[in-house]
Amino acid sequence: MSLSVAVAGASGYAGGELLRLLAQHPELEVRTVTAHSNAGHPLVAVHPHLRSLASLTFQETTPEVLAGHDVVFLALPHGHSGGIAAQLPESTLVVDAGADHRLESADDWAAFYGTEHAGTWPYGMPELMLADGGRQRRELRAARRIAVPGCNATAVTLAIAPGIAAGLVDPGGLVSTLAVGPSGAGRAAKVSLLASELLGSANAYGVGGTHRHLPEIAQNLRAVGATEVRHSFTPMLVPMSRGILASVTAPLVAEATADEVRSAWVSAYGDERFVQVLPQGQYPRTADVLGSNAIQIGVGLDEAAGRVIAVAAIDNLGKGTAGAAIQSANIALGFEEHTGLSIDGVAP
């Protein structure tokens, strides 16, 4: 018998992608969808591509509406999940796709989000390498609260973690540049996200250490084993609806050839279904991961600069949000980790 699911904030891009993936999940059945301004409207009026869920109507986002389900996914704006989650039964699996429960430090939360810290939940990045040799998935088994990682944090963390774990790179000299699709900014109407503003242009945002995913990335890399993380992080909005291409570089601190560098990444991710290390000399495209739960990574050595470069591509709505949420929920519920998720993208 399928477990009952509610998706809060289901009218947004992340909520819509959760619904698309859940519609194909053999063990989970979406019974309730909630929204704010769209409450009372049919789901297909907002997501006309989700015809298999045409019988559903958006309800108000309240604890009373969400309670009574086996699993609740929260796809709410930052700062809105904590209050709702606190009122849901402890026996319910609650998966927060927002930022409210990602950070361990209340000071970091206050500095980057400016509100009261809602607490810390087990972190939903199963493939995250841990300093003791384990993986983060062990913390998700039988969990009833899960914090889904940020999309940029996923791309950067998984791209460079093997180099840190192997002692090959210095996380004190980390530089990341990301090309990011505007769906990562949500579905709210903003002038900067209009097609006439985006098409034919690219612009940096969150420059100079201000982006909210920075403390999350540092937290992850410390979990891998970094003692000090100094990270120059520059995301750029580009005219593609979804996807992230992250170029991450760090100083090489041990003598190694390009083959030896790549070998560290292959060894780290050889058993990971959703992390694909490309052959030597190949680097990923966002087009090849769209619609999938995969992250593709190309890694090489810039000998002239003395730096390792790792380039990662993910779908920000897939592996970057909804896919990670379902993958983590599968682990918590005792299902096969890949249930309902694909490594295949959509082309062209």
Side-chain angles (χ1 to χ4, degrees), residues 1-77 80-98 100-101 118 121-124 126 137 139-148 293 317-318 321-342:
M1 183 176 179
S2 297
L3 299 179
S4 63
V5 173
V7 178
S11 60
Y13 290 134
E17 186 70 357
L18 273 166
L19 293 174
R20 185 181 74 85
L21 297 176
L22 289 167
Q24 306 300 318
H25 198 292
E27 306 290 348
L28 301 176
E29 179 185 353
V30 179
R31 297 184 186 173
T32 300
V33 292
T34 78
H36 178 53
S37 60
N38 286 298
H41 295 280
L43 183 144
V44 290
V46 176
H47 297 302
H49 61 298
L50 299 177
R51 305 310 300 183
S52 66
L53 301 175
S55 63
L56 296 176
T57 297
F58 292 112
Q59 301 183 50
E60 295 283 350
T61 303
T62 67
E64 292 74 22
V65 169
L66 298 173
H69 297 82
D70 298 306
V71 185
V72 174
F73 291 93
L74 302 176
L76 301 171
H80 289 73
S81 297
I84 293 285
Q87 300 179 66
L88 296 176
E90 292 184 4
S91 59
T92 301
L93 173 58
V94 183
V95 184
D96 184 8
D100 290 28
H101 302 94
W121 290 357
Y123 191 63
R137 59 173 49 87
E139 306 300 324
L140 301 175
R141 297 188 178 105
R144 281 300 172 264
R145 297 291 188 270
I146 296 173
V148 179
N293 193 50
L317 297 177
T321 307
I326 293 172
Q327 182 182 352
S328 298
N330 284 339
I331 296 171
L333 294 167
F335 302 146
E336 291 290 337
E337 191 168 323
H338 62 272
T339 305
L341 298 170
S342 178

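Since this is a predicted model, take the numbers as computed values, not measurements.
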Discussion item. I'd like to check Leu333 versus Glu27 (side-chain heavy atoms, cut-off strictly below 4.5 Å). Are they in contact?
Written reply: no
Closest non-hydrogen contact found for Pro89 with Arg145 is O-NH2, 3.1 Å
Quick one: does Asp70's side chain have a donor or acceptor within less than 3.5 Å of a partner on Ser4's backbone? yes
Rounded to the nearest 0.5 Å, the CD1 atom of Ile146 sits from the OG atom of Ser328 at a distance of 5.0 Å
One should read off an interatomic distance between Arg144 CZ and Glu90 CD, to the nearest 0.5 angstrom, of 11.5 Å
Closest non-hydrogen contact found for Leu93 with Ala143 is CD1-O, 3.5 Å
Practice prompt. Flag the pair Val94 / Asp96 as yes when at least one side-chain heavy-atom distance between them is below 4.5 Å, and no otherwise.
Written response: no
Between His101 and Ala85, the two heavy atoms sitting closest are CE1-CB, 4.4 Å
| said: Do Pro126 and Leu140 have side chains that approach each other closer than 4.5 Å (heavy atoms only, starting at C-beta)? | reply: yes
In terms of heavy-atom contacts, Ser2 and Arg31 come closest through O-NH2, 3.9 Å
Rounded to the nearest 0.5 Å, the CD1 atom of Ile84 sits from the OG1 atom of Thr34 at a distance of 8.0 Å
Mind checking whether Leu18 and Val30 have side chains closer than 4.5 Å, heavy atoms only?
-> no
Query raised in the report: Does His47 use its side chain to pair, donor to acceptor, with the backbone of Ala10 at less than 3.5 Å?
Result: yes
Heavy-atom nearest pair, Thr321 first then Ala14, reads CG2-CB, 3.9 Å
Are the side chains of Leu50 and Arg20 in touch, meaning some heavy atoms are under 4.5 Å apart?
-> yes
Can you confirm whether Arg137 sits close enough to Glu337 that some side-chain heavy atom of one is under 4.5 Å from a side-chain heavy atom of the other? yes
ask   = Going by heavy atoms in the side chains, are Phe73 and Ile326 under 4.5 Å from each other?
value = yes
Here the pair of heavy atoms bringing Ala324 nearest to Val148 is CB-CG1, 4.1 Å
Short side-chain to backbone donor-acceptor contact, His41 and Asn38, under 3.5 Å = no
* Verdict with supporting geometry, Leu76 and Asp100, side chain to side chain contact (heavy atoms under 4.5 Å, CB included) -> CA-CA 10 Å; Leu76 301 171; Asp100 290 28; over 6 Å; no
- Given Arg51 and Val44, is the side chain to side chain contact (heavy atoms under 4.5 Å, CB included) satisfied, shown in steps? CA-CA 7 Å; Arg51 305 310 300 183; Val44 290; 3.7 Å; yes
OG1 of Thr92 to CG of Leu66, rounded to nearest 0.5 Å, is 9.5 Å
Rounded to the nearest 0.5 Å, the CD atom of Glu29 sits from the NE2 atom of His69 at a distance of 9.5 Å
| So do the side chains of Thr339 and His25 get within less than 4.5 Å of each other, counting heavy atoms only? | yes
message: Run Leu43 and Leu19 through side chain to side chain contact (heavy atoms under 4.5 Å, CB included) and show every step you take.
response: CA-CA 10 Å; Leu43 183 144; Leu19 293 174; 3.5 Å; yes
- Task: Starting from the C-alpha separation in whole Å, work towards a yes-or-no answer on side chain to side chain contact (heavy atoms under 4.5 Å, CB included) for Gln327 and Asn293.
- Result: CA-CA 9 Å; Gln327 182 182 352; Asn293 193 50; 3.0 Å; yes
